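Input: a single structure, listed below in C-alpha cells.
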There are 2 protein chains.
Amino acid sequence: MPHLSSNADRPDPAELDPQNAAGDTGTLGKAVALLDLVARADMPPRFTDLLKQTGQPRGSLHRQLRHLVLEGLIDLSPDGVYTPGLRLLQFASRAWARNSFRLVAEPHLTRLHETTGETVHLGVLRDCEIVYLDKIESRQAVRMHSQVGNSAPAYCTGVGKVSLSCLSDEDLHRRCARMTFDAYTQATLTDAAALLAEIEKIRSRGFAYDLEEHQPGIRCVAASIHAPAAGIVGGISVTAPAFRAGPEQLEAWAGPVCAAASAIVADIARRLGPRR
Amino acid sequence: MPHLSSNADRPDPAELDPQNAAGDTGTLGKAVALLDLVARADMPPRFTDLLKQTGQPRGSLHRQLRHLVLEGLIDLSPDGVYTPGLRLLQFASRAWARNSFRLVAEPHLTRLHETTGETVHLGVLRDCEIVYLDKIESRQAVRMHSQVGNSAPAYCTGVGKVSLSCLSDEDLHRRCARMTFDAYTQATLTDAAALLAEIEKIRSRGFAYDLEEHQPGIRCVAASIHAPAAGIVGGISVTAPAFRAGPEQLEAWAGPVCAAASAIVADIARRLGPRR
DNA sequence: AACAGAGTTCCATATATCGGAACAACAGGA
DNA sequence: TCCTGTTGTTCCGATATATGGAACTCTGTT
C-alpha cells in the first residue's frame, strides 16, 4: 500500500511553476502546457501570441506546434491561427464513454433526478477543481453537453467543497495553499480560513451546501463519493434556482442525495472487490 | 528549397507504423500513441499489457506513463490499471465550447431539426474518419453526448462520403489507400472501387445517402460543408430509421439539408472574411 | 525600394530519452 | 517456510533528441 509513501523528505519537486504543480515532465510537459494555452485562449492565438505567452525561442515553439498539429491535438487554420484539435474530442469521447465511475453512478443519478425533479451533477476532484463528469438536467432547453467536462473551482461549488472535506488535513492544506479565491458572488468564500471552517462544518454535517457561492441564484446540496481503494474523490449534487430551493427544501433533498452517494460508493466497492 | 536533401541515403524516415501516417513527432508521438492505446482499450490496461503492446523496454515505458500521469492525461488507479485522465475531458470541453465551426452551424442545425423533425448531425473529416461535432436528437430518451466526439469510418456514413467527395482526386486516392473496409452491414461498400464510384455519383448529385451502410435500419441524407479558406471539410445529415425514411422521403429531405449546408458555408465565409 | 513584422529553416550543443539490468514487492507452489 | 515466477520500479551510461540562437524567406507597409 505505500505505493507513494517513498517521498518522505523531498522538499518540493517543483515550486517554480505555481500553475502546474506536477514534477518535471520534460518535453511532454511543455507540449501540454502549450496545448493548455491554446485550449484556454478566448480567441484562437496566432504564432506570435504564443511566442509572447510562452517566452520560448521561435524555433522551439515552432517545432512543438508542428508536432502537436501533426498529432491532431491542435489544428492550424490556413489563416495562421491555432485551435484545439479534433483528436482531443475523440480521446475525451472514449474516456467518457468508458469511465467506470460514471457508468456505475449513472443509474443512481437518474433515480435521484426522478425523486427530486431537479438537475443532478456528478463531479470529480482534480487538483483544486471540480470536473463535471455527468449531468442530468430537469429541462432540456439548454444544451446538455455544455457542462460535461467543464470544470469549476472546488472552493465555491457544493460538489467541490464536499470533495475537499474527504481529504486528509495535510492534503487539504496543501491544496488550499494553491488556490486563488475569486469572489464570484457576494456569498463566495474568499479565503482559505473561511473555506477550512466551512469544511469542518461539512464534515460534521455529512453534506455540503452551495448557497449561491458560484452563480447568483443557484443553490445546491452535495454529498461526497469517496472511494480511496478506487482512487476516487468526488461527489453528486442536486441543483436548483434559489426560489425553488429554500432552506427546508435543501434539507429535504439532503437525505436522498446522501443515500444516492452511499449507494454509488457501495456499487464501486462491489465492482472493485471481485476484480482480479 | 532542398530543405530535406541532407539525408540522401536514409531509406525512409518512418515506414514502420502504418497506423500513423504522420511525420515523425518524436517524443510527443510516442506519448500520444500510448495515450491512444489507453483510450482505445476495452478494458483498462495494466503496465504489462502496455509493455506487450508497445514492445518498448520497461524503463522507457514506465517513464512515459509517469509523465502522462503527472500531466493528468492518464490516471493510475491504486490497483495498477491505467485509465484515460480527466484532463482530456477538460481539454475537449473547452475545444468543443469554442469551436467556431460548431457555433456557426448550431442555429442552422436547430432549424433543420425543426423542419424535418429528425436527428441532425454535424461532422468533420479527420483523416479517414468522421468526428461528430454536434447532434440534435429527435427524442431525448438516449443520452445525447454519447455521440459528440465519437467517430465513425468515412466510407460508410453519409457525412463521411459527402465529405470525401469534396476532396481532390489525389487526396481522395491517398486516403482510400489507407482505409480498411469492414462490412458493418450487407449494404456497406467494401472496397475502394465501389467507394470511388459512389463518390462520383455523389459529386454529380450534390448530396449523399447512407442506406443502412453503417447501422442496419438507419438511413440518412447528407450534404457537404466545404470551406477551404477555413480549412473545413465536413457535412451535415438528417438521420432516421428506415421505416420512416423511404426513398421519396429521403429525397424530400435533400433540399433542406443542402440549403442548410449552403447557409452554413455562407456564414463561415462571412465570419472569416472580415477577420483581420 | 527599403523596411518591419511574421513565419520558417538550419545547426552545434546541451539535455532528455533510451534500454539494459539490477532492484523491490508480491503472489502462489512445493 | 523457503523458493520461484510475475509484476512493477529505479538506476545509469550511451545515444538520440530537443533546444535555441541566428540566418533566411515571404508578405504587406511607409
Side-chain angles (χ1 to χ4, degrees), chain A residues 1-10 13-14 22-35 38 43-71 74-82 229 231 275-276, chain B residues 1-8 10-11 13-14 16 22-35 38 43-71 74-83 229 231 275-276:
Chain A
M1 40 274 14
H3 86 285
L4 270 180
S5 66
S6 57
N7 41 6
D9 55 343
R10 196 173 48 168
D24 188 17
T25 50
T27 307
L28 182 66
K30 289 169 197 158
V32 310
L34 202 48
L35 191 53
V38 174
M43 280 228 343
R46 343 161 101 333
F47 183 83
T48 313
D49 302 329
L50 295 169
L51 196 59
K52 280 179 219 150
Q53 290 180 64
T54 62
Q56 272 189 102
R58 296 171 133 72
S60 306
L61 180 64
H62 188 258
R63 178 176 28 75
Q64 290 165 356
L65 283 170
R66 182 161 37 84
H67 285 178
L68 283 167
V69 169
L70 281 171
E71 290 297 336
I74 285 184
D75 285 344
L76 171 55
S77 308
D79 56 344
V81 306
Y82 291 93
R275 187 179 225 161
R276 293 219 141 235
Chain B
M1 166 99 8
H3 84 285
L4 268 180
S5 63
S6 56
N7 42 4
R10 198 171 50 166
L16 295 172
D24 188 16
T25 50
T27 306
L28 181 67
K30 288 167 199 159
V32 311
L34 201 49
L35 190 54
V38 173
M43 280 230 340
R46 341 163 101 334
F47 183 84
T48 313
D49 303 329
L50 295 169
L51 197 60
K52 280 179 217 148
Q53 291 181 64
T54 62
Q56 273 188 104
R58 292 169 131 72
S60 306
L61 180 65
H62 191 259
R63 178 177 31 74
Q64 290 164 357
L65 284 170
R66 182 162 36 84
H67 285 177
L68 284 167
V69 169
L70 280 172
E71 289 298 335
I74 285 184
D75 284 343
L76 171 56
S77 308
D79 57 343
V81 306
Y82 291 93
T83 52
R275 185 179 226 159
R276 293 225 138 234

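Not measured: the values here are computed from a predicted model. Labels below follow one simple rule: chain letters A, B, ... track the order of the sequence lines, proteins then strands, and each chain is numbered from 1.
In this entry the distance linking CZ of A:R66 with C1' of D:dA18 reads 11 Å, nearest Å. In this structure, the CZ atom of A:F47 is 11 Å from the P atom of C:dT9, given to the nearest Å. In this structure, the CG atom of B:L28 is 12 Å from the P atom of C:dC18, given to the nearest Å. Between B:L51 atom CG and D:dT10 atom P the separation is 16 Å, expressed in whole Å. For B:L34 and C:dC18, the CG to C1' distance is 15 Å, given to the nearest whole Å. If you measure from atom CG of B:L65 to atom C1' of D:dT9, you get 12 Å, rounded to the nearest angstrom.
Across all non-hydrogen atoms, the minimal contact from A:P78 to B:A229 is CG-O, 3.4 Å. Between A:V38 and A:Y82, the shortest heavy-atom distance links the atoms CG1-O, 3.8 Å.
To the nearest 0.5 Å, atoms CG (B:L65) and CG (B:L35) are separated by 10.0 Å. Considering CD of A:Q64 and CD of A:Q56, their distance stands at 4.0 Å, rounded to 0.5 Å. Atom OG1 of B:T48 sits about 7.0 Å away from atom CZ of B:R58, to the nearest 0.5 Å. The line from CZ of A:R66 to CD of A:E71 is 12.0 Å long, rounded to the nearest 0.5 Å. Distance check: A:H67 NE2 to A:L34 CG gives 12.0 Å after rounding to the nearest 0.5 Å.
The stretch residues 52-64 of chain B touches DNA chain C through B:P57, B:G59, B:S60, B:R63, B:Q64, each having a heavy atom within less than 4.0 Å of the strand.
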> Could you spell out the base pairing of DNA chain C in dot-bracket, with Watson-Crick or G-U pairs whose two distances are under 3.5 Å, [ ] crossing and | to another strand?
Replying inline: ||||||||||||||||||||||||||||||
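Considering only side-chain N and O atoms, B:K30 lies nowhere under 4.0 angstrom from the phosphate OP1 or OP2 of C:dT17. Side-chain nitrogen and oxygen atoms of B:R46 include at least one within less than 4.0 Å of the OP1 or OP2 phosphate oxygen of D:dG8.
Each of B:T27 and A:T48 was assigned the nucleotide of DNA chain C with the nearest heavy atom; the assignment lying further toward the 5' end belongs to A:T48.
Taking 4.5 Å as the limit, every side-chain heavy atom of B:D49 sits out of range of all side-chain heavy atoms of B:V81.
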> Taking it one step at a time, do B:L28 and A:L70 satisfy side chain to side chain contact (heavy atoms under 4.5 Å, CB included)?
Replying inline: CA-CA 10 Å; B:L28 181 67; A:L70 281 171; over 6 Å; no
